[in-house]
Amino acid sequence: MSPRPPPPELSQAPLAPGLYLVATPIGNLRDITLRALDVLSACDLVLAEDTRVAGKLLSAYGLSKKLERYDEHSADRAGPKALQILSEGGRVALVSDAGTPLVSDPGYKLVREAIREGFQVIALPGPTAAVTALVASGLPTDSYSFFGFVPPKTVGRKKFFESLKDREETLLFYESPHRVLASIEDMRAVFGDREAAVIREISKKFEEAAR
């Protein structure tokens, strides 16, 4: 007897025209949603921050799609291509390397242009590191603010934290593993004795939480 049921068949329903914002796994490939696979299998173009990363994800699920790089350096080239496909009634999927597109990730400009041109924009719910870390942190979840990546240099980082020192809600940040200790030290200097949690390698083999 199989230890798990076979994966459901992909939807055969036609995919409506539009720009789809597709959340991808932040570590464990099994966190992909069935609806994300439906969209990726039926779209006409996949825009990806890194086509190599997106290609590995598609390959893991037996999908082969036209890929176009979309980041801050290629947006002026890839964006018009995507809008042209949308103008012809096509379907474009925007994915990030990991997690939900536009969350500390390129794509805002394309979404704004698609909306301005009257095209449908559909966001698919899915993984996002910030909220996943929040609910695992043990810190209050009833009120929180997300600030993305903190400044890399000490002076800018402390100034940034100073602007937030009177905030009482839970504060969420992204930080490089190479700078996390320095950031914690700066937070301690600015925020004082405040509860904190560091969550790393979410959904991966070496996932760890330090509280």
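Values in this document were obtained by computation on a predicted structure and should not be read as measured data. Starting from 1, each residue takes its place in the sequence as its number.
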Point to revise | Atom CZ of R112 with >12 non-hydrogen neighbours under 6.0 angstrom | key: no
Exercise for review: Locate the shortest heavy-atom distance separating A60 from L29; write the atom from each residue and the value.
Suggested key: CB-CD1, 3.9 Å
Check your understanding: Between the side chain of T33 and the main-chain N/O of A36, is any donor-acceptor distance below 3.5 Å?
Key -> yes
**Study point:** Heavy-atom closest contact (I122 atom, Q120 atom, distance)
**Key:** CD1-CG, 3.3 Å
Review point. Does a sphere of radius 6.0 Å around CZ in R211 hold more than 12 heavy atoms from other residues, nucleotides or ligands, not counting ones at 6.0 Å or beyond?
Key: yes
Review point. Taking atom CD of E88 as the centre, does the number of heavy atoms from other residues, nucleotides or ligands within less than 6.0 Å exceed 12?
Key: yes
Exercise for review: Kindly say whether G99 contributes a backbone atom to a donor-acceptor pair with the side chain of S96 at under 3.5 angstrom?
Suggested key: yes
Review point. How far apart are the closest heavy atoms of L63 and S41, and which atoms are they?
Key: CD2-CB, 3.8 Å
Check your understanding: Is I85 reachable from I115 through a run of hydrophobic residues whose side-chain heavy atoms are each under 4.5 Å from the next?
Key -> yes
Check your understanding: Just by distance, do the side chain of S137 and the backbone of L134 share a donor-acceptor pair under 3.5 Å?
Key -> yes
Exercise for review: Give every residue pair that meets the ring pair (Phe, Tyr, Trp, His ring centres under 6.0 Å) criterion with at least one member in residues 77-104, sequence neighbours excluded.
Suggested key: none
Review point. Hey, any chance Y61 and L67 share a hydrophobic cluster, counting ILVMFWY side chains that come within less than 4.5 Å of each other, even indirectly?
Key: yes
Exercise for review: Applying side chain to side chain contact (heavy atoms under 4.5 Å, CB included), name anything that partners D186, two or more places apart in sequence or on another chain.
Suggested key: T154, R157, K158, F161
Check your understanding: Looking only at heavy atoms, what is the nearest atom pair of A23 and T100, with distance?
Key -> CB-OG1, 3.6 Å
Point to revise | Lys/Arg-Asp/Glu bridge criterion (N-O < 4.0 Å) met for E207, K204 | key: no
Review point. Can you tell me if D97 uses its side chain to pair, donor with acceptor, with the backbone of D50 under 3.5 Å?
Key: yes
Practice item. Work out which heavy atom in A129 is nearest to a heavy atom in Y174; give both atom names and the distance. Key: CB-OH, 3.6 Å
Practice item. Verify the neighbour count for atom CD of E195: are there more than 12 heavy atoms of other residues, nucleotides or ligands below 6.0 Å? Key: no
Review point. What are the two closest heavy atoms between G90 and D44, and how far apart are they?
Key: CA-OD2, 3.3 Å
Atom pairs and distances, side-chain donor-acceptor, residues 139-150, under 3.5 Å, sequence neighbours left out:
residue: S145; atom: OG; partner: R167; partner atom: NH2; Å: 3.1
residue: S145; atom: OG; partner: E169; partner atom: OE2; Å: 2.6

Exercise for review: For atom OH of Y108, decide whether the heavy atoms of other residues, nucleotides or ligands shown that lie under 6.0 angstrom number more than 12.
Suggested key: no
Check your understanding: Is the backbone of Y20 close enough, under 3.5 Å, to the side chain of R91 for a donor and an acceptor to pair up by distance?
Key -> no
**Study point:** Side-chain donor/acceptor of S183 to backbone N/O of V180, under 3.5 Å
**Key:** no
